[in-house]
Amino acid sequence: MHKRRLREIEEYTLGFFQTQQRTHILAKELFNSTNAYANADMVRALEDLEKTERQLIRHTTEGNDYISLTPQGAA
């Protein structure tokens, strides 16, 4: 995936948190929020935000996949 496209999806993801005014969401809420990006591309962007940027954490609780902003991501 092109870096520009990756950055666009990352910005969309962080913007989604801002719009929702939350720091903790179900992953499916993000995936269902737009048809502009393929789920696979969104997963790549989430991986980059998690592993490279350290702005979010992905985790599973009781069978539900969640995405939570780190303090750095919330800032």
Side-chain angles (χ1 to χ4, degrees):
M1 174 186 328
H2 296 284
K3 288 189 184 251
R4 185 180 61 79
R5 177 79 167 167
L6 181 66
R7 179 54 66 194
E8 180 182 320
I9 299 169
E10 289 174 353
E11 288 173 4
Y12 174 81
T13 300
L14 295 174
F16 182 80
F17 278 98
Q18 286 181 326
T19 301
Q20 298 295 311
Q21 297 181 345
R22 296 185 288 162
T23 59
H24 183 76
I25 61 169
L26 278 166
K28 69 180 178 181
E29 290 180 69
L30 177 65
F31 293 129
N32 292 336
S33 69
T34 184
N35 291 325
Y37 310 114
N39 285 358
D41 290 342
M42 291 185 88
V43 168
R44 287 183 195 98
L46 291 173
E47 287 174 353
D48 189 59
L49 285 169
E50 181 178 31
K51 295 177 181 170
T52 306
E53 304 290 330
R54 307 263 190 239
Q55 293 189 3
L56 59 84
I57 299 169
R58 296 178 297 158
H59 52 94
T60 301
T61 303
E62 297 179 5
N64 294 309
D65 295 324
Y66 290 94
I67 306 167
S68 299
L69 292 176
T70 62
Q72 179 183 351

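Excluded from the calculations below are hydrogen atoms, water molecules and symmetry mates; all remaining heavy atoms, backbone and side chain alike, are included. All figures in this text were calculated on a predicted structure; none of them were measured in a lab.
Listed by chain and residue number, Tyr37 satisfy the ring-ring contact (aromatic ring centres under 6.0 Å, His included) test with Tyr12 (two or more places apart in sequence, or in another chain). Partners of Asp65 by side chain to side chain donor-acceptor pair (under 3.5 Å), not counting sequence neighbours, listed by chain and number: Thr60. Here Arg22 pairs with Glu29 under the salt bridge (Lys or Arg N to Asp or Glu O under 4.0 Å) rule; sequence neighbours left out. In this structure Tyr66 satisfies the ring-ring contact (aromatic ring centres under 6.0 Å, His included) test together with His24, His59, sequence neighbours excluded. For Glu50, the salt bridge (Lys or Arg N to Asp or Glu O under 4.0 Å) partners two or more places apart in sequence, or in a different chain, are Arg58. With sequence neighbours left out, the side chain to side chain donor-acceptor pair (under 3.5 Å) criterion links Thr19 to no other residue. The side chain to side chain donor-acceptor pair (under 3.5 Å) test applied to Thr61 returns no partner, not counting sequence neighbours.
Using a 4.5 Å cut-off on side-chain heavy atoms (C-beta onward), Leu14 and Leu49 make contact. In this structure, the side chains of Thr34 and Phe16 stay at 4.5 Å or more apart for every pair of heavy atoms. Looking at heavy atoms from C-beta onward, Leu46 lies out of side-chain contact with Ile9 at the 4.5 angstrom threshold.
Within 6.0 Å of CD in Gln72 there are more than 12 heavy atoms belonging to other residues, nucleotides or ligands. No more than 12 heavy atoms of other residues, nucleotides or ligands sit less than 6.0 Å from atom CG of Asn35.
Taken from CG in Leu69 to CD1 in Ile25, the straight-line distance is 8.0 Å, to the nearest 0.5 Å. Separating the OG1 atom in Thr13 from the CD atom in Gln55 is a distance of 10.5 Å, to the nearest 0.5 Å. Taken to the nearest 0.5 Å, the CG atom of Leu56 stands 9.5 Å off from the CG atom of Asp48.
Ion pairing of Glu47 with Arg44 is absent here, as no side-chain N (NZ or NE/NH1/NH2) approaches a carboxylate O to less than 4.0 Å.
Residue pairs meeting the salt bridge (charged side-chain N to carboxylate O under 4.0 Å, His left out) criterion with at least one member in residues 10-19, sequence neighbours excluded: Arg7-Glu10.
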